Chemist: 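Here's a structure for you.
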Amino acid sequence: MENSQGFVQHITAKSENFSQWYLDVILRARLADYAPVRGCMVIRPYGFGIWENIKELLDKRFRATGHRNAYFPLFIPGSFLEKEAEHVEGFAPEVAWVTRAGNEELAEPLVVRPTSETIIGHMYSKWISSWRDLPVLINQWANVVRWEKTTRMFLRTSEFLWQEGHTCHRTKEEAEEETLKILDIYRSFISEDLAIPVLTGRKTEREKFAGAITTYCVEALMTDGRALQAGTSHNLGQNFAKVFDISFLDKDNQLKYVWQTSWGVSTRLIGGIIMVHGDERGLALPPRIAPIQVVVVPIMPPPSQETVLNAAHNVFERLDKICRVELDAREEYSPGWKFNEWELRGVPIRLEIGPRDVKAGKVVLVRRDTGEKTAVPMENLENVVTDMLSSVQAGLYARAKRFLDENTHTVDNYDEFKTVIEKQRGLIFAPWCGSQECEVSVKDETGATIRCVPMNAQPNPGKCIHCGDNATSWVYFAKAY
RNA sequence: CGGGGCGUAGCGUAGUUUGGCUAGCGCGCCUGCUUUGGGAGCAGGAGGUCGGAGGUUCAAAUCCUCUCGCCCCGACCA
């Protein structure tokens, strides 16, 4: 794309100041705005449109695997949170409390849910009594509140939207299978629908969910070289079942605790989309989740106004049957202004139609990922648009995949490790002895954390990057959001 | 939570050091005419009391105290 700087007058250069660029894109593309409450944001219609598409596509995948949606209360009795030791310790510092209603002090203070394991566990203990009641496969789309000290739009806000799945199983094996099944749904959803390549793996003891026995995760690499945890799937074992007494009589007439899982992704995914696909011109949205997939911009100098507008309406009607299309016929903005605006807002395909095109029976298509322009005969319109939407989706994925590959470094000595983290960032694949001491030391000394232990860890030779003892596995390190 | 920076019209800012403001400018907005294939032009017009509270002073955007919020770097964290 030539002259890319000249067109973008309203956002900070991505190469100059990534953080500021990120915020500018969000505000200028009208994805979200600051709320009058500390750490909170308003998700505007365009940003919420992305979330609605994410919801729809993910929900389909959940339903297809037997999950059903439900809704549990926003308020949780304060005492619930304290029942699971690790869980309290993990969440206590960031929990918001309700202690008063009107002028009355509440007999038992309530917490605003930071996550729903406890209250759902409480209900499950009422609902489950026999092995025939299992499995329970419930998901909830909800808001949660975590009083974070440092907030950042979409990545970490005091309140955010997410889905949380909570399941109960008869056996340990079934629970593990569910945990991994969900991890795979996340992996395929994020790579196929969001066009973001991810790593899958297991969290270390230090990084896992408070109260889980194992946490699996999908990690993505942002274009500033930092990793983003995009989703997690936890095997909760029987920790919560024991605390909330979720038990059942098994086939062998023995009373047993259920085996549970929980898993979630949040509006943070939108932050990931921005940071993976965005460029100097602003947002670039993968077609599958773009609220507007094609924007029709008519170019109508005076004598031809009616002809062009009619043709544009006709094109709109045709495309409306096959994709999410919008006609931008506003007269108060020039075509050039609209081009820049819709690029900033990340619309995958722009369709230009002017007097010359009408005369020639063509339209011009411009794709957001490459800027490439194509003149298309009117009669092929639907086919070409459909193909181009797939092609943009694939193009964005390919570009992100190339970036991930080029920024994943295999390193086996600590000096090189430190240099790479400091100068190039990205992911570092390195051997680790498995001790928390080394994990913490590396973090203190370099700022990098272990993002995940890969799923199919081969028996690996090698010496721990930090202490030099025999490595138990090769793991991915990165600076993370 | 620590260090640094910033809050003046919808947005971006000048003015703050050295109080004197009737707060200046650009974009955007409104009206009209001309325009329309990469952020159109001209003319006219509306809009701010300087994040908030208190104080010093004849006089405060400007000085002092407190407070709220945002950004950056770090710490912490699902």
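Bear in mind the structure is a predicted one, so any value in this text is a computation, not a measurement. Sequence lines set the chain letters: A, B, ... in the order given, protein chains first and strands last, and positions in each chain run from 1.
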Chemist: Looking at B:G37, B:A75, B:G38, which one has an atom nearest to any side-chain atom of A:K149?
Modeler: B:A75

Chemist: If you find the nucleotide of RNA chain B closest to A:F339 and the one closest to A:D444, which residue's nucleotide is nearer the 5' end?
Modeler: A:F339

Chemist: Decide, yes or no, whether a salt bridge links A:R38 with A:E148 under the criterion of side-chain N to carboxylate O below 4.0 Å.
Modeler: no

Chemist: If you look at every strand shown and take non-hydrogen atoms under 4.0 Å, does A:R268 touch a base, only sugar-phosphate, or nothing?
Modeler: nothing

Chemist: So what does A:P93 touch, heavy atoms closer than 4.0 Å: a base, only the sugar-phosphate, or nothing?
Modeler: nothing

Chemist: With heavy atoms under 4.0 Å as the rule, sort A:D357 into base, sugar-phosphate or nothing.
Modeler: base

Chemist: So, is A:R152 close to the B:C72 phosphate, meaning a side-chain N or O under 4.0 Å from OP1 or OP2?
Modeler: yes

Chemist: For A:K14, is there an ion pair with A:E280 - N to carboxylate O distance below 4.0 angstrom?
Modeler: no

Chemist: What is the nucleic acid contact for A:V297, judged by heavy atoms within less than 4.0 Å: base, sugar-phosphate only, or nothing?
Modeler: nothing

Chemist: Do A:D357 and A:V364 have side chains that approach each other closer than 4.5 Å (heavy atoms only, starting at C-beta)?
Modeler: yes

Chemist: Of the options B:G37, B:C77, B:G38, whose atoms approach the side-chain atoms of A:V366 most closely?
Modeler: B:G38

Chemist: For B:A75 and B:G4, measure between their C1' atoms and round to the nearest Å.
Modeler: 15 Å

Chemist: Counting the atoms with a prime plus P, OP1 and OP2 as sugar-phosphate, which does A:K443 contact under 4.0 Å by heavy atoms, base, sugar-phosphate, or nothing?
Modeler: sugar-phosphate

Chemist: Residues of residues 204-222 of chain A with any non-hydrogen atom less than 4.0 angstrom from an atom of RNA chain B: list those, numerically ordered, please.
Modeler: none

Chemist: If you check the A:P302 side chain, which of B:U36, B:C72, B:G37 turns out closest?
Modeler: B:U36

Chemist: Choosing from B:C1, B:G37, B:U36, which nucleotide comes nearest the side chain of A:Q305?
Modeler: B:U36

Chemist: Indicate, with a heavy-atom threshold strictly under 4.0 Å, whether A:E352 touches base, sugar-phosphate, or nothing.
Modeler: base

Chemist: Quick test of your reading of the model: are A:E343 and A:R350 salt-bridged, counting only N-O distances below 4.0 Å?
Modeler: yes

Chemist: Is the number of heavy atoms from other residues, nucleotides or ligands under 6.0 Å of A:E379 CD greater than 12?
Modeler: yes

Chemist: Base, sugar-phosphate or nothing for A:S266? Non-hydrogen atoms, less than 4.0 Å.
Modeler: nothing

Chemist: Scan A:G231 against the nucleic acid and name what it touches under 4.0 Å (heavy atoms): base, sugar-phosphate only, or nothing.
Modeler: nothing

Chemist: For A:T115, report the nucleic acid contact type (base, sugar-phosphate, nothing); a contact means any heavy atom under 4.0 Å.
Modeler: nothing

Chemist: For RNA chain B, what string of dots and brackets results from 5' to 3' when Watson-Crick and G-U pairs need both distances under 3.5 Å, crossing pairs get [ ], and pairs with another strand get |?
Modeler: ((((((((.[[[[.)....(...]]]].((((((.....)))))).....[[[[[..)....]]]]])))))))....

Chemist: Using a cut-off of 4.0 Å on non-hydrogen atoms, how would the nucleic acid contact of A:P36 be classed: base, sugar-phosphate, or nothing?
Modeler: nothing

Chemist: Pick one: which of A:E164, A:E117, A:H166, A:H234 meets side-chain hydrogen bond (donor to acceptor under 3.5 Å, both in side chains) with A:S262?
Modeler: A:E117

Chemist: Look at the side chain of A:R38 against the base of B:G69 and say whether a donor-acceptor pair falls under 3.5 Å; ignore hydrogens and angles.
Modeler: no

Chemist: At less than 4.0 Å, is any side-chain N or O atom of A:Y34 found next to OP1 or OP2 of B:C71? Yes or no.
Modeler: yes

Chemist: Which of these nucleotides, B:G37, B:C76, B:G38, is closest to any side-chain atom of A:R350?
Modeler: B:G38

Chemist: Taking for each residue the nucleotide of RNA chain B with the nearest heavy atom, is it A:T232 or A:V37 whose nucleotide lies nearer the 5' end?
Modeler: A:V37

Chemist: Write down the distance between CG (A:L27) and C1' (B:C70), rounded to a whole number of angstrom.
Modeler: 11 Å

Chemist: Under 4.0 Å between a side-chain nitrogen and a carboxylate oxygen: does that hold for A:K181 and A:D184?
Modeler: no

Chemist: Between A:E207 and A:R451, does at least one N-O distance fall below 4.0 Å, as a salt bridge requires?
Modeler: yes

Chemist: Quick one: label A:G90 by what it contacts on the DNA or RNA (base, sugar-phosphate, nothing), any heavy atom closer than 4.0 Å.
Modeler: sugar-phosphate

Chemist: Reckon A:L23 touches a base, only the sugar-phosphate, or nothing at all at heavy-atom distances under 4.0 Å?
Modeler: sugar-phosphate

Chemist: Where the side chain of A:S19 is concerned, which of B:U36, B:C72, B:G39 is the nearest nucleotide?
Modeler: B:C72

Chemist: To the side chain of A:Y333, which of B:U36, B:C29, B:A75 is closest?
Modeler: B:C29

Chemist: Any donor-acceptor pair, under 3.5 Å, between the side chain of A:E331 and the base of B:U36, if you only look at N and O atoms?
Modeler: no

Chemist: Looking at the side chain of A:S334, which of B:C72, B:U36, B:G39 is the nearest nucleotide?
Modeler: B:G39

Chemist: Considering only B:A75, B:U36, B:C77, which nucleotide approaches the side chain of A:P301 most closely?
Modeler: B:U36

Chemist: Tell me, do A:V265 and A:W162 make a side-chain contact under 4.5 Å, heavy atoms counted?
Modeler: no

Chemist: Report the relative orientation of the aromatic rings in A:F80 and A:H122; use parallel for angles under 30°, tilted for 30 to 60°, perpendicular for over 60°.
Modeler: tilted

Chemist: Check every strand shown and say whether A:R28 touches a base, only sugar-phosphate, or nothing at a heavy-atom separation below 4.0 Å.
Modeler: sugar-phosphate

Chemist: May I ask you to say whether A:R330 pairs ionically with A:D328, meaning some side-chain N is under 4.0 Å from a carboxylate O?
Modeler: yes

Chemist: Between A:K418 and A:E445, is there a salt bridge with N-O shorter than 4.0 Å?
Modeler: no

